[in-house]
Amino acid sequence: MLSTTTYYTSLLAAIFLVLTFLLPSNGQLSATFYSSTCPNVSSIVRNAVQQALQSDSRIAASLTRLHFHDCFVNGCDGSILLDQGGNITQSEKNAAPNVNSVRGFNVVDNIKSSLESSCPGVVSCADILALAAESSVNLAGGPSWSVPLGRRDSLTANQAGANSSIPSPFESLANVTSKFSAVGLDTTDLVALSGAHTFGRAQCQFFSQRLFNFSGSGSPDPTLNSTYLATLQQNCPQNGNGSTLNNLDPSTSDTFDNNYFSNLLINMGLLQTDQELFSTNGSSTISIVNNFANNQTAFFQAFAQSMINMGNISPLTGSQGEIRTDCKKVNGS
């Protein structure tokens with residue numbers, strides 16, 4: 001017969017094993033997290049994105065980018081949504097990669113209001129970003145995926161982190177790869193997530209260095225298709241308006257497809273970091289670009305998985321953080 005101590009030790013071990021299998025993985029995120037507390041969360045988010053798209057064709061790309069810029073700074077915690085004020089002395093919105101560039105905050109606020117009416121105090125702003133990105137991609141013709149949920153919202157913002165962690169369009173492929181690696185994402189994730197540039201716009205200031213005097217050479221970037229170069233030089237003249245918008249994908253600017261990769265094959269990547277995926281000699285990214293250019297299904301599958309991988313970067317779960325009632329500010333501030 002087992003001693004009392006041995007019995008309880010065995011019982012605790014058994015309970016631990018059961019709990020281990022019951023708890024969802026990935027920082028306790030689960031696609032069914034709100035199934036009893038807010039069962040309509042996905043449809044509420046999707047309807048709001050669909051409504052926003054009717055008056056703003058760019059919003060799908062903008063909302064997808066918001067999730068990306070959130071996750072690369074302290075993980076997917078909604079910190080990018082916090083305005084300056086109270087304990088938030090430096091908002092991530094004012095960081096170099098975000099200021100006058102990141103958009104879609106009003107749509108997030110609309111979604112939050114709808115959710116607060118349906119299930120108050122339940123759905124985090126960080127999860128809204130993840131769900132809005134999935135709806136945006138799917139409504140633009142891209143893949144759908146089950147979004148792991150259960151993130152909580154941060155109590156702080158990290159402007160310095162936004163300045164240093166978010167990949168810049170002026171960086172080398174090696175630097176961008178390093179920034180992805182720092183948050184646990186590999187080369188396939190890098191290429192797949194770059195494919196989000198199959199929709200949306202970019203301002204002249206983010207690629208004009210390629211058009212006239214690339215790397216101080218006095219000439220344009222040699223990896224730019226000459227016909228495309230002429231068009232871009234017309235849209236973005238030297239000393240022109242740096243905020244003029246250009247389609248990231250000149251062929252199907254508001255549709256989520258694999259044309260982004262087809263463009264790279266003919267030297268029509270808009271940003272330096274786009275074209276370098278294909279034009280960097282000896283890079284392991286070249287074969288992935290070729291695969292995605294020739295096989296949209298492969299791209300869609302990889303993109304969905306990479307969005308899940310990105311959404312799993314250091315989420316706050318359990319009793320960490322809070323569920324903000326207003327995405328722009330910490331509760332009680």
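Residues: numbered from 1 along the sequence shown.
Rounding to the nearest 0.5 Å gives a distance of 9.5 Å between CD1 of Ile111 and CG of Asn106. In this structure, the separation between SG on Cys204 and CG on Leu211 is 7.5 Å, given to the nearest 0.5 Å. Interatomic distance, Leu232 CG to Met268 CE, rounded to the nearest 0.5 Å: 8.0 Å. With rounding to the nearest 0.5 Å, the separation of CD1 in Ile59 from OG in Ser62 is 5.0 Å. From Phe33, atom CZ reaches atom SG of Cys38 across 11.0 Å, with rounding to the nearest 0.5 Å. To the nearest 0.5 Å, atom CG of residue Asn263 and atom CG of residue Asn258 are 9.5 Å apart.
With no hydrogens or angles considered, no side-chain donor-acceptor pair links Gln205 and Ser243 at under 3.5 Å. Side-chain atoms of Tyr34 and Asp127 include a donor-acceptor pair closer than 3.5 Å. Gln296 and Asp257 are not linked by any side-chain donor-acceptor pair at a separation below 3.5 angstrom, with hydrogens and angles left out of the test. One side chain, Asn309 or Gln305, offers a donor N or O that lies under 3.5 Å from an acceptor on the other. When only modelled atom types and interatomic distance are considered, Thr32 and Ser30 share a side-chain donor-acceptor pair under 3.5 Å.
The pair Lys93-Asp83 meets the salt-bridge criterion, since a charged nitrogen lies less than 4.0 angstrom from a carboxylate oxygen. At a threshold of 4.0 Å, the pair Arg103-Asp56 counts as salt-bridged, since one of the basic side-chain nitrogens sits closer than that to a carboxylate oxygen. Between Arg201 and Asp254 there is a salt bridge, since at least one side-chain N of the basic residue sits less than 4.0 Å from a carboxylate O of the acidic one.
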Could you please spell out the steps behind the side-chain hydrogen bond (donor to acceptor under 3.5 Å, both in side chains) verdict for Gln159 and Ser91?
CA-CA 6 Å; Gln159 189 182 107; Ser91 169; over 6 Å; no

Go through the steps for Gln275 and Asn267 under the test side-chain contact (heavy atoms from CB on, under 4.5 Å), then give the verdict.
CA-CA 7 Å; Gln275 193 57 51; Asn267 288 346; 3.2 Å; yes

Would Ile44 and Ser118 count as a side-chain contact (heavy atoms from CB on, under 4.5 Å) if you check the C-alpha gap in whole Å, the side-chain angles of each, and the deciding distance to 0.1 Å?
CA-CA 9 Å; Ile44 289 171; Ser118 295; 3.5 Å; yes

Residue pair Asn213, Gln238: steps toward the side-chain contact (heavy atoms from CB on, under 4.5 Å) verdict:
CA-CA 10 Å; Asn213 184 24; Gln238 274 183 298; 5.5 Å; no

Run the numbers on Leu265 and Val289 for side-chain contact (heavy atoms from CB on, under 4.5 Å), then give the verdict.
CA-CA 8 Å; Leu265 302 190; Val289 170; 4.0 Å; yes

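In this structure, the side chain of Gln84 engages the main chain of Thr89 through a donor-acceptor pair within 3.5 Å. Of the possible donor and acceptor atoms, one in the side chain of Lys112 sits under 3.5 Å from a partner among the backbone N and O of Arg324. Proximity of a side-chain donor or acceptor of Asn138 to a complementary backbone N or O of Glu134 within less than 3.5 Å is not detected. When atom types are taken as modelled, the side chain of Asp70 and the backbone of Gly78 share a donor-acceptor pair closer than 3.5 angstrom. Gln203 places a side-chain N or O within 3.5 Å of a backbone atom of Asn100 that can act as its donor or acceptor partner. Within the 3.5 Å criterion, the main-chain N or O of Asn331 finds a donor-acceptor partner in the side chain of Glu322. A side-chain donor-acceptor contact under 3.5 Å links Ser217 to the backbone of Phe214. Within the 3.5 Å criterion, the main-chain N or O of Ser279 finds no donor-acceptor partner in the side chain of Ser283. Formation of a donor-acceptor pair under 3.5 Å by the Asp77 side chain with backbone atoms of Leu316 is not found in this model. Within the 3.5 Å criterion, the main-chain N or O of Ser154 finds no donor-acceptor partner in the side chain of Ser79.
Residue-environment remark: CD (Gln51) stays at or below the threshold of 12 foreign heavy atoms within 6.0 Å.
Applying the salt bridge (charged side-chain N to carboxylate O under 4.0 Å, His left out) definition to pairs two or more places apart or across chains, those involving residues 158-174 are Glu171-Lys179. Among pairs with a residue in residues 207-232, those fulfilling salt bridge (charged side-chain N to carboxylate O under 4.0 Å, His left out) read Arg210-Asp221, at least two apart in sequence or across chains.
With Tyr260 as the partner, the side chain to side chain contact (heavy atoms under 4.5 Å, CB included) test is satisfied by one option alone out of Leu270, Leu248, Asp274, Thr252: Asp274.
A single hydrophobic cluster is not seen to contain both Phe278 and Tyr228; linkage of ILVMFWY side chains at heavy-atom distances under 4.5 Å, directly or through other members, places them apart. Hydrophobic clustering (side-chain heavy atoms under 4.5 Å, transitive across Ile, Leu, Val, Met, Phe, Trp, Tyr) keeps Phe206 apart from Val176. Under a hydrophobic clustering in which Ile, Leu, Val, Met, Phe, Trp and Tyr are joined whenever their side-chain heavy atoms come within less than 4.5 Å, directly or via other members, Leu53 and Phe105 fall into the same cluster. Residues Val49 and Val41 share a hydrophobic cluster, clusters being chains of Ile/Leu/Val/Met/Phe/Trp/Tyr side chains in contact below 4.5 Å. There is a path of hydrophobic side-chain contacts, each under 4.5 Å, that joins Ile266 to Leu229.
Taking 4.5 Å as the limit, some side-chain heavy atom of Thr325 sits within range of a side-chain heavy atom of Glu116. Counting only heavy atoms from C-beta outward, the side chains of Leu277 and Leu173 approach each other to under 4.5 Å. With a 4.5 Å cut-off on side-chain heavy atoms, Leu129 and Cys76 do not count as touching. With contacts defined as side-chain heavy-atom distances shorter than 4.5 Å, the pair Thr177/Leu190 qualifies. Counting only heavy atoms from C-beta outward, the side chains of Pro148 and Ile308 approach each other to under 4.5 Å. Proximity of Leu139 to Arg46: side-chain heavy atoms (C-beta onward) are separated by under 4.5 Å at one or more points. Leu185 has its side chain within reach of Phe72: a pair of non-hydrogen atoms, C-beta onward, lies under 4.5 Å apart. Counting heavy atoms from C-beta on, the side chains of Thr285 and Thr280 never come closer than 4.5 Å.
Of all non-hydrogen atoms in Val330 and Leu155, the two that sit nearest each other are CG2-O, 3.5 Å. Pairing each heavy atom of Met310 with each of Cys71, the nearest pair is O-SG, 3.7 Å. The two residues Leu271 and Pro169 come nearest to each other via the heavy atoms CD1-CB, 4.1 Å. Taking each heavy atom of Cys327 and Asp109 in turn, the nearest pair found is CB-OD1, 4.2 Å. Pairing each heavy atom of Ala202 with each of Phe207, the nearest pair is O-CE2, 4.0 Å. When all heavy atoms are compared, the tightest approach of Ala157 to Gln90 is CB-O, 3.8 Å.
Using cut-offs of 30° and 60° for the angle between ring planes, the Phe303 and Trp145 rings count as perpendicular.
With sequence neighbours excluded, the residues satisfying ring pair (Phe, Tyr, Trp, His ring centres under 6.0 Å) with Phe300 are Phe256.
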